[in-house]
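Here's the structure we're looking at; comments come further down.
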Amino acid sequence: MARAGLPRTARHVCEAAAAYAFLAVLGALPVGWASALGAALGGLIGPLLPVHRRGLDNLARALPELSPPEVRRCAHRMWRHLGRVAAEYPHIHRFSVERPDGRIELVGRHHLEEARLSANGGIFFAGHIGNWEIAARAPEQTGVPAIAVYREANNPIVDRLIKRCRKTISQRRVPKGADGTREMVRALSAGHHVALLVDQKLNTGIPVPFFGRDAMTGTAVATFALRYDCPVWPVRVERLAGANFRITVYPRLAMPEEGTREERIRAGTIAVNRVLEGWIRERPDQWLWLHRRWPD
């Protein structure tokens with residue numbers, strides 16, 4: 001067993017060493033320079049990785065209207081975008097919706113005021129679009145703190161590094177899984193808010209349409225919204241230029257009111273996927289196409 005674990009441990013150490021060095025250098029640069037360097041490295045290295053093929057396949061199947069050259073160009077822009085996201089980690093605390101130099105334009109502030117006054121708390125949902133790490137900055141910095149549920153990195157050493165970067169902001173985060181679910185239950189039961197990224201495959205979810213094909217999708221948004229009778233707000237992050245963003249908080253997403261509980265959860269989950277799909281179609285190069293989102 002020890003021998004079997006050595007290669008993975010060695011790989012984790014090498015990955016973590018590279019990540020620490022990468023973020024140390026980028027953290028010493030101004031945020032704009034760091035983001036630009038990340039874009040250059042992402043565009044150079046990303047297409048050479050084995051996972052690049054999955055991204056091309058996902059793009060071609062989800063957006064058949066794109067020609068093969070357009071698919072390749074979109075994938076290359078995705079890698080540049082992901083390079084920026086990685087390079088911006090040590091600067092997360094610098095992004096603000098409240099400061100003129102905070103690099104975030106906020107649209108839909110009145111919906112956050114609605115959320116602040118909600119007696120039943122509420123749910124914010126977003127996807128891996130734009131820089132998803134700053135998606136909850138708008139609620140957090142406008143007086144609507146929300147518990148954010150996140151997926152831990154496969155490499156535990158890298159995960160600790162990411163957590164260190166996230167500690168520079170005050171938002172509370174809990175890991176995905178049983179513990180995270182209990183935290184969400186406690187928060188919503190007390191009339192507080194939670195924030196979820198809901199565009200990844202979840203084997204314990206249900207198959208619902210996403211870009212014309214069934215995809216296993218988590219039902220947390222619809223399930224909790226119906227259970228606690230709480231409102232749901234879609235939150236979108238768009239990269240505008242360089243390390244500048246627009247966060248848009250949309251009007252409440254209506255949850256189905258008719259049918260059995262299972263039918264309402266399914267319809268609500270479809271509605272969530274429909275919102276995400278619309279965002280992705282508008283800016284396909286800003287979504288993370290590398291997930292195993294659909295069955296082979």
Side-chain angles (χ1 to χ4, degrees), residues 15-42 80-109 112 115-116 124-153 155-176 180 183 187 192-197 233 235-249 286 288:
E15 290 173 350
Y20 271 83
F22 177 73
L23 294 183
V25 170
L26 294 165
L29 297 175
V31 61
W33 293 14
S35 182
L37 178 57
L41 292 174
R80 287 181 58 82
H81 169 71
L82 291 179
R84 287 186 182 276
V85 172
E88 288 158 1
Y89 264 97
H91 300 280
I92 291 176
H93 63 289
R94 302 183 188 280
F95 295 104
S96 171
V97 301
E98 295 297 296
R99 300 195 315 267
D101 62 345
R103 293 180 174 270
I104 298 177
E105 169 193 343
L106 176 60
V107 178
R109 186 183 291 267
L112 292 173
R116 190 180 68 81
F124 299 103
F125 76 84
H128 288 83
I129 307 169
N131 187 332
W132 53 89
E133 289 290 345
I134 66 172
R137 295 296 269 166
E140 172 200 7
Q141 294 180 346
T142 54
V144 194
I147 294 177
V149 181
Y150 71 95
R151 180 185 180 278
E152 295 178 313
N155 183 328
I157 309 175
V158 171
D159 189 65
R160 286 196 292 273
L161 175 59
I162 294 174
K163 287 177 181 177
R164 182 183 301 177
C165 293
R166 288 169 173 162
K167 280 183 179 179
T168 59
I169 58 178
S170 59
Q171 181 191 40
R172 183 182 174 196
R173 294 175 182 263
V174 296
K176 183 179 177 181
E183 290 289 342
H192 297 156
H193 297 80
V194 300
L196 302 168
L197 293 172
W233 291 275
V235 179
R236 178 187 190 183
V237 181
E238 300 170 82
R239 185 180 297 278
L240 300 179
N244 297 283
F245 301 91
R246 177 189 298 123
I247 296 180
T248 304
V249 183
Q286 293 191 17
L288 189 58

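Because only heavy atoms are used, hydrogens play no part in the values below, and waters and symmetry mates are left out as well, while side chains stay in. Computed from a prediction, not measured in an experiment: that's the story for all the values here.
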Handout entry: For Pro139 against Ala136, the heavy-atom pair lying closest together
Key = CD-O, 3.3 Å
Problem - Closest contact, heavy atoms only, Val97 versus Gln141 - result: N-OE1, 2.8 Å
Practice task
Assess the side chains of Arg84 and Ser35: does a donor N or O sit below 3.5 Å from an acceptor N or O?
Solution key: yes
Handout entry: Among Asn131, Leu112, Leu106, the one residue meeting side-chain contact (heavy atoms from CB on, under 4.5 Å) with Ile247
Key = Leu106
Handout entry: Heavy-atom pair of closest approach, residues Ala243 and Val31
Key = CB-CG2, 4.2 Å
Problem - Electrostatic pair Arg103-Glu88, nearest N-O below 4.0 angstrom - result: no
Problem - Spacing of OG1 belonging to Thr142 relative to CD belonging to Glu98, to within rounding of 0.5 Å - result: 6.5 Å
Practice task
Write down the atom of Ala135, the atom of Ala126, and the distance for their closest heavy-atom approach.
Solution key: CB-CB, 4.2 Å
Exercise for the section: Kindly assign one of parallel, tilted or perpendicular to the pair Phe124 and His193, based on the angle between their ring planes and the thresholds 30° and 60°. Expected result: parallel
Problem - Whether His81 side chain and Gly42 backbone form a donor-acceptor pair below 3.5 Å - result: no
Practice task
Check whether any side-chain heavy atom of His192 lies under 4.5 Å from a side-chain heavy atom of Ile147, and answer yes or no.
Solution key: no
Exercise for the section: Nearest 0.5 Å please: distance from the CZ atom of Phe95 over to the CG atom of Asp101. Expected result: 11.5 Å
Exercise for the section: For the pair Arg94 and Glu133, evaluate salt bridge (charged side-chain N to carboxylate O under 4.0 Å, His left out) and give the outcome as yes or no after the intermediate values. Expected result: CA-CA 12 Å; Arg94 302 183 188 280; Glu133 289 290 345; over 6 Å; no
Practice task
Can you measure from CZ (Arg236) to CD (Gln286) and round to the nearest 0.5 angstrom?
Solution key: 8.5 Å
Problem - Atom of Gly127, atom of Leu197 and distance for their closest heavy-atom approach - result: O-CD2, 3.6 Å
Exercise for the section: Calculate, to the nearest 0.5 Å, the distance between atoms CG and CG belonging to Leu37 and Leu29 respectively. Expected result: 6.5 Å
Practice task
Start with the C-alpha distance between Glu238 and Thr248, add both sets of side-chain angles, then the distance that settles side-chain contact (heavy atoms from CB on, under 4.5 Å), and finish with yes or no.
Solution key: CA-CA 8 Å; Glu238 300 170 82; Thr248 304; 4.1 Å; yes
Completion exercise
When Val85, Val235, Val237 are each screened for side-chain contact (heavy atoms from CB on, under 4.5 Å) with Trp132, the one that passes is Val85
Fill in the blank from the handout: dist Ile104:CD1 -> Leu240:CG (nearest 0.5 Å) comes out at 10.5 Å
